[in-house]
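Reading through the C-alpha cells given below for one structure.
Chain letters run A, B, ... following the sequence lines, proteins first, then strands; residues in each count from 1.
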Amino acid sequence: MKRKNSEKALYPEFEQLNMPSIEKEILQWWKENNVFERSISERSEDKRFVFYEGPPSANGKPGIHHVMGRTIKDLFCRYKTLQGFRVERKAGWDTHGLPVELNVEKQLGITKADIGTKISVEEYNKHCREDVMRYTDLWNELTEKMGYWVDLKNPYVTYENDYIETLWALLKKLYEKGLLYEGYTIQPYSPAAGTGLSSHELNQPGCYRNVKDATAIAMFKVVRSKESDFLFKTESDDVRILAWTTTPWTLPSNTALAVGSGIEYVLVKTFNAFTFKPIQVVLAKDLMAQYFPKENEELDFESYKEGDKKIPYKVLQSFKGSDLKDIRYEQLLPYTQPEDGDAFRVIIGDFVTTTDGTGIVHIAPSFGSDDFRVAKQNGIGSLTLVDRQGKFVDAVNDEVFPLQNRYVKEDYYTAEEKQAEYEYQKMILSEKGVIPNLKSFMSVDDLIVLKLKLENKLFKTEKYEHSYPHCWRTDKPVIYYPLDSWFIKTTAVKNRLIELNKTINWKPAHTGEGRFGQWLENLVDWNLSRSRYWGTPLPIWRNNSGEEKCIGSVAELKLEIEKAVQAGVSKPTEITDLHKPIVDEIVLVSETGKPMQRVPDLIDVWFDSGAMPYAQWHYPFKNENVFKQNFPADFIAEGVDQTRGWFFTLHVLAVALFDSVAYKNVVSNGLLLDKNGNKMSKRLGNVIDPFDTIENYSADATRWYMIRNSDPWDNMKFDIEGLQEVQRSLFGTLYNTYSFFALYANIDKPAKAPNVLVENKNFVELDRWILSRLQTLLKETTAFYEDFEPTKAARAIEKFMDEDLSNWYVRLNRRRFWKGEMSEDKQAAYDTLYFCLNTVAQLMSPVAPFFSEWLFGNLHGNSFQSTSADTVNSIHLSLLSKANNSFVNSDLEERMELAQRACSLILSLRKKEKIKVRQPLNKILIPVLSNTQEQQFKKVESYILSEVNVKEIEYISDASDIVKKKIKPNFRELGKRAGQKIKAVQQAVAAFTQEDISRIEREKQYTLNLDGEEFLLQLNEVEIQTEDIPGWLVVSDAGLTVALDVTITDDLRKEGNAREFINKVQNLRKDKNFQVLDRIKVSVVKNGIFEEALNQFYDYISNEILAKQISLVETLDTADEVQMNEEMLQVKVEVV
RNA sequence: AGUCUCGUAGCUCAGGUGGUUAGAGCGCUACACUGAUAAUGUAGAGGUCCGCAGUUCGAGUCUGCGCGGGACUACCA
C-alpha cells in the first residue's frame, strides 16, 4: 500500500485502505522470513496443541466453501499459537476412490467394462495416480492466499506405499483382534454386469426410473395353532394373510411375513374375486377401504353368486399386530425349503407402515435389506432361489409354468431370447391347458401371478408404477442380492464408541449427541469391500481350502513371497507398488503348501482417511514418538457432512485399535449457500470463485465475514454485500482509528508505549474506562475462543471497536490529541490508544491474520521490508496479552454507559427541537434514583456536557415533587408471590395516583384491597419510573429520564455564533489545504451579529482557528462567503 | 421414510433458567455533522417471532401436532 508520509516518521500513514494490496505484501514478507515455520519452531515442544488436517481430494477445484472450513481450522490453530502452544499442521491429500476413477474414465472416454480390455489395470491406475493431483497447484495457491497455515511441504498422501503399509498394519491388527471378517449382506447387484453397486453409483442421475411392474397381493394360508386359534370360529374357516409385493419373483423365496406391532389389523369375511371361494383375510384396518368399498358391507352373503362384480364382506374382528406374532402359515410356493431357521411365521417389523399395500410385508431375506435384517433377528432362514445371473435356480421346478432357469427380470433377455421364450411359453401353456393361445410374452412375475390366481392364493393383482434402481453401466434393473463382503466388526466395540463419544467436545453439541450419537446407537458393521481398481488393496490372501493370511507390512509380504518362491508356487516379485495389479499377481503359499490368491477387494476410502493419525507418520514402522505426541488430536474441524464420514472413521479406528478417542474437540461447520439460500452449483451459475473474492475483497474480509455472520455450524448464506459491509465497518473503522493515531503521534512523537499495561497516574477517567472495557473484551474473547465460539468472539471485537473505541473513546478524546504541546496527559492518551489497537490486533489475528499483522507492524515500526531474520516481529509470533484484572472497573463502565445513554437522549431532544449541537444550551435536569447514581453521574458529567454542548447538569432527587412518575408491576418478582392474583394487582397498581406512588416509595410497601382480600405489595415488586417534568422538554428510556432547558439566551446565541464561525473557518482551512499547524490571519466584512460574537469571544475564536489576527473590515476584494446561522459573511483567510 | 437441524424486520443475525413496549447491524427515508471525512451521528418507517393446540396468572422462550427449508442415512412390501 502506498505510504503517504516519509519513511522517517514514527508511524506510517497511507492514502487509503487497500486490503488486497496489504495481503500481498504480508504474504511476501511471511514467506521471506519463514514466519509460519517460526510460529511452530519457536514454541516449546512440551506444550502442544494437536491438530489433524482432514485430507481434501485434489482432483476437484477448491471452492469458496473450502475457505470457510479452512478459516475455522486456521483460526483455532493461530489462537492456540498466540497462547503459546506449538501447533504443528501436516497437510494431507485424499487420493483414492470412485470420483477419481470416474474422472479418469471421463477423460479417457472409457467405461469400467473397458478396464482390462481396452486399457490395462496398470495403465488405468497410472492415470488415476496422475489425475488425482491435478489441481494441487490451485489448492496450494488458495491455501496460501487465504492465509491458511498448514505444512504443504510435507503432506501425507494416501496412495503412497508408506501410507498404505500403515493401513495394512492396522488391518492386520483388526484381523488379529477378530474385528475383520467376511460376511454377506444384501446389496444392490447388477446381474447383467455381474457386480455389486455402491449407493453412490445408485445415486447417479437417471439410475432411478419409473417402471410398471405386475404387483400381487398374495394370500398366505394360516395354520391353525395355539397362536392363531382366535382367528378361527369353525373347522372349515379358510383364513389368509394378505401381503403385497411389487416383485412377485421373490415370492418363491418368501420365508416370513412382517406386521407392525402397534398397527391395528382386521379379519374380514369375503369371497375371492378370482375363484369365488369363501375366504377370511387379515389386513391392516387403515387399508381396508382400498379393497372393500363401504357400500358392499351391506350386501347379503347368501345371495352372492360366482362372477358378481360386487363382493360382500364383513369385518369379523380386529386386533393388534402383536397378536399375530408367531402365527404360522403354509409356504406359498413350496419348491424348496430353507435349510436353517424356523421359517413361515409372522414376525414383527419396525419398518412396516400402512401407507400402501396391506400393512403386512412379505419377507424374502435374500432380496431385501430390511428383510434380511428382520429375518436374522427373528431366526428365520432364507431361500435364495435366484442365481448370480439373475435366473431362477433349478429348484424352482414347476410342472406347469416355465420358471426354472428363467431370468427374473424380462429386461435381462435379448430380443431373440425373449421371442424364443415366448414361443415356448405359448406351446407349453397351451399343452397344459392353461392358456390356449398366448398373445404375448409373460414375465416371471406374470407367470407367478397367474399361478397364484389359479391356486386360490391371489387376492388381487395390478400394474403398478414405481421408481426402481437401474445399473448405470448396463441400463438394466438392479436386484438386491446377498453378496460377500469384508466387514469391520464395529458392533463389537459399540459400547466403547458410545462411551468415548461422550468425552468428545462437539460443536455444536447436538451433532455429537444427536446425529452422531444416534448413528452410533444404530451401528451396523462397516462394510469395507469395494469392487474397484484404484484404492488400497485388502491384504488378505487365501485359497479354496479355507486357508487365509492377512499381511501387515511390506517386509512380511517379502518374506511370504520368498516362502512361496521356495515352495514353488510363485516367481520372485519385486514390490514397487502396493496397488493393483501388482499385488493381485502375487501368489503366496499356505501352511499346508497350497497357493493362495489375494481376495480381489479394495477397501473403502474412508478407511484411508480415518487412519491418518497413524498413517501420516508411517506408524508403527517409524516415528513412534512423534505419533504418541500427536495422538489424539486436540482439535479437528470439517463440514457436518463428515459426521458419518471422517469423524466416524477416525473414531472407530481409534476406539477399535487404541481404545481411545481420536480427537477431543471437533467443530462441524454447516454448508455454504448462495445469498438466496440455494446450494451453489455450476448449473445454477451461482458459484462464488474464491480467488476472485480474495483478489477483490481480501482474504481477511472474507474470513471475518464468514466467521462473524453466523455460527459456523449453521448453514451460511454467502452474500458479497455482507463482505463489503465488513470491509467498510470493521476494517475501515480500524484503519481510520489507526490513521488518527498515526497522524497526531507523528506530530507529537510520544514515547513508545509499554508492551504490558501498567498503572499510570496520568490516565484520565476515559482512559481508565476504555482500558477497563478492553480488559473485559480480552477476557470475553479469550473465553469464546477457548469454547470454540469464534462468532461470539468476532462480534465482541466488532462491538468494542465500533461502539467503545472509535465512537466514544476517540470521538470524546479528539481535542486531547490535537490541542497543545506534547504533555504527560497526551502521553497517557497515546499509550491508551496504542494499547487498545495492539490488543485488538492480537485478538482479531486468528480470524484476520493479514490485517492484524499489518496493524501490529505499523505500531511496532515494522515496514515489512526487512528480511533480516533476527528482527522478525510478527503478531503471529507474539504472545497474547494477559488480562489485567486491576484495570477492570465495573462502576466506571456503568457510569460511562449512563453518560452515553444520557447523551443519546439529549441529542435526540436537540434534534426534535432542531437546535444544532454547536448552539450551547444552559441546563440539563436529571432525576436520579439514588445518591449513588448521582455520584456516578457527577464523575462523567464533563463528558456529557461537552458532548452535548450544555453548561450544567442539575440533579433532582426523589423527594422533589416536580417529577411525575409512573408505576407498573415488576412481573418477575410479583409473579413469584402473587400467582393468579397478578391480574388484579396489575389493575390496582395501574390506578395508582402520584400520591400512592410516593407512599409506596416512602413506606416500602402498600396494602392493596383486592375484592375484599388484602395484599401487601412490596416496593421491589413494582417498577417506578419518572415520566415527565412539567415545563421542561423531557425524554426517557429504560428508566433514565433527562430534561433539557431549550431557552437560548442572548449570551448563548452569541456563543453559538462564535462556534459557528469557528466551524466555517475550519472548513475554509481544510478547503484551502492549509496544514494543521498553520497560523492564519482572518478578515471579515463588518456585520452586527458577528461583531457581537467576536467581541465577546475573540480569544476563544482565535485560539480555535489558530488565528494571529481577526480583523473587521469594510470591504474585501476577494472573499469567501460563508453562512453563519441566519447571516451571510464575507471572510478572507490567509496563512501568515 | 428415518435421524438431526433451522424458521424472529426487506436482508444477515441477537434474544441464560417463561415476566407483559421483542433487539442490533445493513438497507430504505429524512435530517445533521465535517481537523478520523470515500468516514460519522440522530431520528423515522418497517414484526400475526412459520401455523395450530396445550401447560401457565403470563409463551418468541416449555410440550404436542403440523407446514416449509437444509443436511445426512436408507431405499422398503
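A:Gln16 comes within contact range of at least one nucleobase, with a heavy-atom separation under 4.0 Å. Residue A:Phe367 is classed as having no contact, given no heavy-atom separation below 4.0 Å to the nucleic acid. Using a 4.0 Å heavy-atom cutoff across all strands shown, A:Gln1066 reaches at least one base atom of the nucleic acid. Nucleic acid contact for A:Thr737: base, since at least one base atom lies under 4.0 Å from a heavy atom of the residue. At a threshold of 4.0 angstrom between heavy atoms, the contacts of A:Gly368 with the nucleic acid are absent. Residue A:Asp802 is out of contact with every strand shown, counting any heavy-atom pair closer than 4.0 Å.
Across every strand in view, B:C4 sits in a pair with B:G70 that passes the Watson-Crick or G-U test at under 3.5 angstrom. A 3.5 Å limit on both hydrogen-bonding distances identifies no Watson-Crick or G-U partner for B:C49. If you check B:G23 for Watson-Crick or wobble pairing at under 3.5 angstrom, you find it paired to B:C13.
Residues A:Lys1064 and A:Glu973 both approach RNA chain B. Their nearest nucleotides, taken by heavy-atom distance, put A:Glu973 toward the 5′ side. In this structure, A:Tyr744 and A:Ile360 both approach RNA chain B, and ranking their closest nucleotides by distance from the 5' end singles out A:Tyr744.
Taking the six-membered ring for Trp, A:Tyr830 and A:Phe817 have ring centres closer than 6.0 Å. Between A:Trp506 and A:Phe647, the ring centre distance stays below 6.0 Å. Here the two rings, on A:Tyr11 and A:Phe741, have centers that are under 6.0 Å apart. Checked against a 6.0 Å centroid threshold, the rings of A:Phe516 and A:His651 count as neighbours. When ring centroids are compared, A:Tyr735 and A:Phe731 stay outside the 6.0 Å threshold. For A:Trp808 and A:Tyr943, the ring centers sit 6.0 Å or farther from each other.
Between B:A43, B:A71, B:A39, one nucleotide has an atom nearer to the side chain of A:Ser904 than all others, and that is B:A43. Here B:C76 is the nucleotide among B:G19, B:C76, B:U21 with the atom lying nearest to any side-chain atom of A:Asp370. The A:Ser806 side chain lies nearest to B:A36 when the options are B:C75, B:A36, B:A38. With B:C76, B:G19, B:A36 as the choices, the nucleotide that has an atom nearest any side-chain atom of A:Phe740 turns out to be B:A36. Closest approach to the A:Lys983 side chain among B:G58, B:A36, B:A43 is made by B:G58 (side chain taken as heavy atoms from C-beta onward). With B:U40, B:G19, B:A36 as the choices, the nucleotide that has an atom nearest any side-chain atom of A:Asn807 turns out to be B:U40.
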Inset, instruction - Decide yes or no on side-chain contact (heavy atoms from CB on, under 4.5 Å) for A:Phe740 and A:Leu833, but give the supporting numbers first. - result: CA-CA 10 Å; A:Phe740 174 85; A:Leu833 189 50; 4.2 Å; yes

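Comparing the P positions of B:G51 and B:U8 gives a spacing of 10 Å, expressed to the nearest Å. Comparing B:U12 with B:G16, their C1' atoms are spaced 23 Å from each other, to the whole Å. Between B:G15 and B:G7, the two P atoms lie 10 Å apart (nearest whole Å). Going from the P atom of B:G58 to that of B:A71 covers 41 Å, rounded to whole Å. For B:U3 and B:G10, the P atoms lie 34 Å apart once the distance is rounded to whole Å. Spacing of C1' atoms, B:C6 relative to B:G18, comes out at 22 Å, to the nearest Å. Taking atom P in both B:A59 and B:G54, the straight-line distance is 12 Å, to the nearest Å. Taking atom C1' in both B:U17 and B:U21, one finds a spacing of 23 Å when rounded to whole Å.
A donor N or O paired with an acceptor N or O is not found under 3.5 Å between the base of B:A39 and the side-chain atoms of A:Thr733.
The salt bridge (charged side-chain N to carboxylate O under 4.0 Å, His left out) check on A:Asp804 picks up A:Arg773, with sequence neighbours excluded.
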Legend entry - Protein-to-nucleotide contact annotation, 5' to 3' order, nucleotides 4-13 of chain B [B base; S sugar-phosphate only; - none; under 4.0 Å, heavy atom]: BS------SS

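Looking at heavy atoms from C-beta onward, A:Cys836 lies in side-chain contact with A:Ile770 at the 4.5 angstrom threshold.
Below 30°, between 30° and 60°, or above 60°: for A:Phe718 and A:Tyr705 the angle between ring planes is above 60°, a perpendicular geometry.
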Please produce a list of atom pairs where a protein N or O lies less than 3.5 Å from an N or O of nucleotides 15-17 of chain B.
none

